[in-house]
Amino acid sequence: MELFIPGPVNVNKELREELSKPMIGHRSKEFSELYNELIPKLKKLTQTRNKVFISTSSSTGLMEASIRNTVSKKCLNLVNGAFGRRWHNITKRNGKKCETISKEWGEPIRKGDVEEKVKEKDIDCVTLIHNESSAALENPVEEISEAIPDDTLFLVDTVSSMGGVDIPVDEWDIDICLFGTQKCLGLPPGLAFFTVSQKAIEKSKEVKDKGYYFSLDRFLSYDSKDQTITTPNIPLLYVLNQQLEDILNEEGLEKRWKRHKEMAQITRNWAKKHFDVFPNKGYESKTLTAVENTKNIQVTKLIQKLRERNYLISNGYGKLSEKTFRIGHLADKKPSQLRNLLKEINDILDLV
Ligand SMILES: Cc1ncc(COP(=O)(O)O)c(C=O)c1O
């Protein structure tokens, strides 16, 4: 099946073969060698000098980890879609004080929306989704970052964009940046990563009740031994090492970002010709497109027909279920494969 959903994504055959390599012990010398290859590559990918940690969990786990380790006063959750809302729920369920600034799905959060609120003395952390997959919208992280005071931590979810879009973590002053394997990295699900600034590490020292699995103290302690906190998903680490090599040294980051932009443009052009693009102009995601269902087609039927032709796309997320449909164009997909999908949709819907 050709996956054009916003993740998981198709994984190349050569990479899948890496998954079957013999196992090693996670406290062995061989493991530390692998770890020492991975960390510098992850730092290059994220353009950071901060610490980078590997977690055997999905990214939601790290949304929780980041909150548990950093919020001691009050967190401001910026919400303009389902994943922003999820981070707010996680913050609440972890017993942290929190507030939201919310915008409609499809509308970006701007610096002007937050600059007064973030100055309040009791706000110590701000969360933001870079690429809000539910509305296929890219929030202007760099602009919002300018409003965040020095003594406040900026936590950013780049789950559906890191590896496909230029996100300079240090330049944008992101204290914690988290993402996982199954989106733009083009790998199976099962690992997540977070970059953590010195400021966030210092802050975490004064936070109580950090739990066990996601405590930064433990991430730091095992990192100093070139190891992960518990038994990690070792097969995925092999395949990650290979894929990061390909991303950084075969394709190159610049070309990868360009390919994602090109695929986004192809999809938007097609959507504008036949339907419309859902999020506000200028804030469309580069890794997936939410097509606004202006023709009132039956989205479920389209998905079913495509499935019969071996293609999978997504309906709209949650309340946008029939109002939009989403086409993921991320990871190792090529523009030619995307064009083939669009031809199939044209054929099914009789579009010319
Ligand atoms: C923006 C965003 N954040 C978080 C998540 C949650 O990721 P996971 O399912 O890997 O926990 C997703 C998943 O689609 C996402 O798109």
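Order of listing sets the numbers, starting from 1, for every ligand and every atom in it. This is a predicted model, so every value here is computed, not measured.
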(message) Please report whether ligand 1 has a polar contact with Asn131, defined as an N or O pair separated by less than 3.5 Å (distance criterion only).
(response) no
(message) Under 4.0 Å from a heavy atom of Ile129: which atoms of ligand 1 are those, numbered in the order shown and with their elements?
(response) 1 (C)
(message) Can you tell me how far apart CD1 (Ile297) and CG (Asn293) are? Round to the nearest 0.5 Å.
(response) 5.0 Å
(request) Check whether the ring centres of Phe83 and Tyr317 lie less than 6.0 Å apart, and answer yes or no. (result) yes
(request) Please report which non-hydrogen protein atom sits nearest to atom 12 (C) of ligand 1, along with the residue it belongs to and the distance in Å to one decimal place. (result) Phe83 CE2, 3.3 Å
(request) Could you tell me whether the side chain of Asn69 and the main chain of Ser204 form a donor-acceptor pair under 3.5 Å? (result) no
(message) Heavy-atom pairs closer than 4.0 Å: do any link ligand 1 to the side chain of Thr60, the backbone, both, or neither?
(response) both
(request) Would you give the length of the straight line joining atom CG of Leu62 to atom CD1 of Ile54, rounded to the nearest 0.5 angstrom? (result) 11.0 Å
(message) Suppose I only count heavy atoms of Ser59 and a 4.0 Å limit; which atoms of ligand 1 are within that range?
(response) 7 (O), 8 (P), 10 (O), 11 (O)
(request) Output the list of atoms in ligand 1 that are nearer than 4.0 Å to some heavy atom of Ser58, sorted by atom number. (result) 8 (P), 10 (O), 11 (O)
(request) Report yes if Arg86 has an N/O atom closer than 3.5 Å to an N/O atom of ligand 1; otherwise report no. (result) no
(message) Within the supplied structure, the quantity of interest is the number of heavy atoms (other residues, nucleotides, ligands) at a distance under 6.0 Å from Gln298 CD; does it exceed 12?
(response) no
(message) Just by distance, no angles: are the side chains of Gln243 and Asn12 close enough, under 3.5 Å, to form a donor-acceptor pair?
(response) no
(request) May I ask you to check whether His26 and Thr228 show a side-chain donor-acceptor distance below 3.5 Å? (result) no
(request) Provide, to 0.1 Å, the distance between atom 14 (O) of ligand 1 and the closest protein heavy atom, together with that atom's residue and name. (result) Lys183 NZ, 2.7 Å
(message) Just to confirm my output: which protein heavy-atom neighbour is closest to atom 16 (O) of ligand 1, and how far is it?
(response) Ser133 OG, 2.5 Å
(message) I'd like to check whether Asp157 has a polar contact with ligand 1, where a contact means an N/O of the residue lying under 3.5 Å from an N/O of the ligand.
(response) yes
(request) Report the nearest protein non-hydrogen atom to atom 10 (O) of ligand 1: residue, atom name, distance rounded to 0.1 Å. (result) Gln182 NE2, 2.9 Å
(message) Using only atom types and a distance under 3.5 Å, with no angle test, would you say the side chain of Lys183 pairs donor to acceptor with the backbone of Pro6?
(response) yes
